[in-house]
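One-based numbering along the sequence shown.
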Amino acid sequence: MLSTLFTNDVRQTLDQFRRSVDQMFDNFYGQASPESSNTTGERIWTFSPVLESGWNDHYLTLRAILPGVAENDVRVSVQNNQLVIEGERKAPEGFDKNAFTQLAYGKFYSALTLPTGLDVDHVSCRLQKGILEIQLPITEASKPKQIQIQTGEERKALHA
């Protein structure tokens, strides 16, 4: 009985470790779900692009890593203060869906709530070498403004 308890504990620990490693790879490469299948028993793969963002004084820039996605297979829109990126990463022609692969294929959809202060009427996008880059201009009213600091002597001169 003691050996059974020990074996179950080790098995649970190893299963938890495997799930953690799987999650790490899913987060890095995109999500692949070979366990799920449709009504015909065919595997269904889901692809989740990796996203990053950054900004400077003029633009908020978002990047989606979309290797192997053609320009006509991705759409970008702004809807209800959300940036929507959707499309499909298609498997190569003649690809055996039951073959072993670490790449994920399928439809993807991401909706990101945009911060205030962006000019959504002048968004620009480009897809180059598998990277979708989206630039959203920051409105003039939202840009930082430098405020001059006055010394005590300058302040006296202003009030005189």
Side-chain angles (χ1 to χ4, degrees), residues 11-150:
R11 186 173 294 139
Q12 287 175 346
T13 302
L14 290 174
D15 283 344
Q16 184 178 0
F17 176 75
R18 181 188 54 80
R19 284 191 298 275
S20 296
V21 170
D22 287 347
Q23 182 65 43
M24 179 185 68
F25 278 99
D26 287 349
N27 290 341
F28 186 76
Y29 289 109
Q31 243 179 336
S33 306
E35 293 83 15
S36 60
S37 59
N38 62 15
T39 56
T40 63
E42 187 177 38
R43 284 191 223 180
I44 299 172
W45 292 94
T46 58
F47 172 65
S48 299
V50 177
L51 302 172
E52 67 178 355
S53 66
W55 63 91
N56 60 29
D57 290 342
H58 306 287
Y59 294 97
L60 168 65
T61 302
L62 300 166
R63 288 186 196 91
I65 311 304
L66 301 172
V69 176
E71 183 179 334
N72 58 348
D73 290 331
V74 64
R75 289 167 303 289
V76 177
S77 61
V78 176
Q79 305 169 15
N80 300 323
N81 203 41
Q82 288 192 323
L83 179 75
V84 176
I85 304 169
E86 59 187 320
E88 183 175 6
R89 182 175 182 195
K90 296 177 181 175
E93 193 74 25
F95 182 74
D96 179 7
K97 290 190 178 192
N98 293 316
F100 173 77
T101 181
Q102 290 184 334
L103 298 176
Y105 301 99
K107 294 184 180 187
F108 57 90
Y109 178 93
S110 293
L112 307 164
T113 301
L114 296 172
T116 58
L118 298 176
D119 183 357
V120 296
D121 293 327
H122 295 94
V123 177
S124 65
C125 300
R126 79 175 173 177
L127 180 63
Q128 187 174 21
K129 297 183 180 180
I131 299 174
L132 176 67
E133 185 173 285
I134 304 163
Q135 286 192 326
L136 298 112
I138 298 173
T139 60
E140 287 298 320
S142 297
K143 290 182 180 179
K145 292 168 185 56
Q146 189 69 23
I147 299 171
Q148 184 178 353
I149 300 173
Q150 298 177 356

Would you compute the distance between atom [atom1] of [X] and atom [atom2] of [Y] and round it to the nearest 0.5 angstrom?
X	Y	atom1	atom2	result
K143	D57	NZ	CG	7.5 Å
E133	R63	CD	CZ	4.5 Å
S48	I65	OG	CD1	13.5 Å
L62	E52	CG	CD	9.5 Å
T116	I138	OG1	CD1	11.0 Å
I85	I134	CD1	CD1	3.5 Å

Between R89 (side chain) and L66 (backbone), is there a donor-acceptor pair under 3.5 Å? no
Treating T61 as the side-chain partner and Q135 as the backbone partner, does any N or O pair qualify as donor plus acceptor under 3.5 Å?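 Flag not set: sc T61 to bb Q135 has no pair under 3.5 Å.
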Going by the rule salt bridge (Lys or Arg N to Asp or Glu O under 4.0 Å), which residues pair with D73 if we only count those two or more places apart in sequence or in a different chain? K90
Could I get the full list of salt bridge (Lys or Arg N to Asp or Glu O under 4.0 Å) partners for R75, not counting sequence neighbours?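 Checked R75 against salt bridge (Lys or Arg N to Asp or Glu O under 4.0 Å); zero matches.
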Heavy-atom closest pair, residues [X] and [Y]:
X	Y	value
G117	S142	CA-OG, 3.0 Å
T139	L118	CG2-C, 3.8 Å
Y105	P92	OH-CD, 3.7 Å
L127	A70	CD2-C, 3.9 Å
G54	L60	O-CD1, 3.5 Å

Within the supplied structure, the quantity of interest is the number of heavy atoms (other residues, nucleotides, ligands) at a distance under 6.0 Å from E86 CD; does it exceed 12? yes
Should we count NZ of K129 as having more than 12 external heavy atoms under 6.0 Å?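 Result for NZ/K129: open.
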For residues 106-137, pull every pair meeting ring-ring contact (aromatic ring centres under 6.0 Å, His included), keeping only residues two or more places apart or in separate chains. F47-F108
With sequence neighbours excluded, residues passing side-chain contact (heavy atoms from CB on, under 4.5 Å) with N56: H58, Y59
Using the test side-chain hydrogen bond (donor to acceptor under 3.5 Å, both in side chains), find all partners of E93 that sit at least two apart in sequence or belong to another chain.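 Applying side-chain hydrogen bond (donor to acceptor under 3.5 Å, both in side chains) to E93 gives none.
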Applied to residues 109-123, the salt bridge (charged side-chain N to carboxylate O under 4.0 Å, His left out) test, sequence neighbours excluded, yields none
Any side-chain heavy atom of L132 within less than 4.5 Å of one from V69?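 Contact flag for L132/V69 side chains = no.
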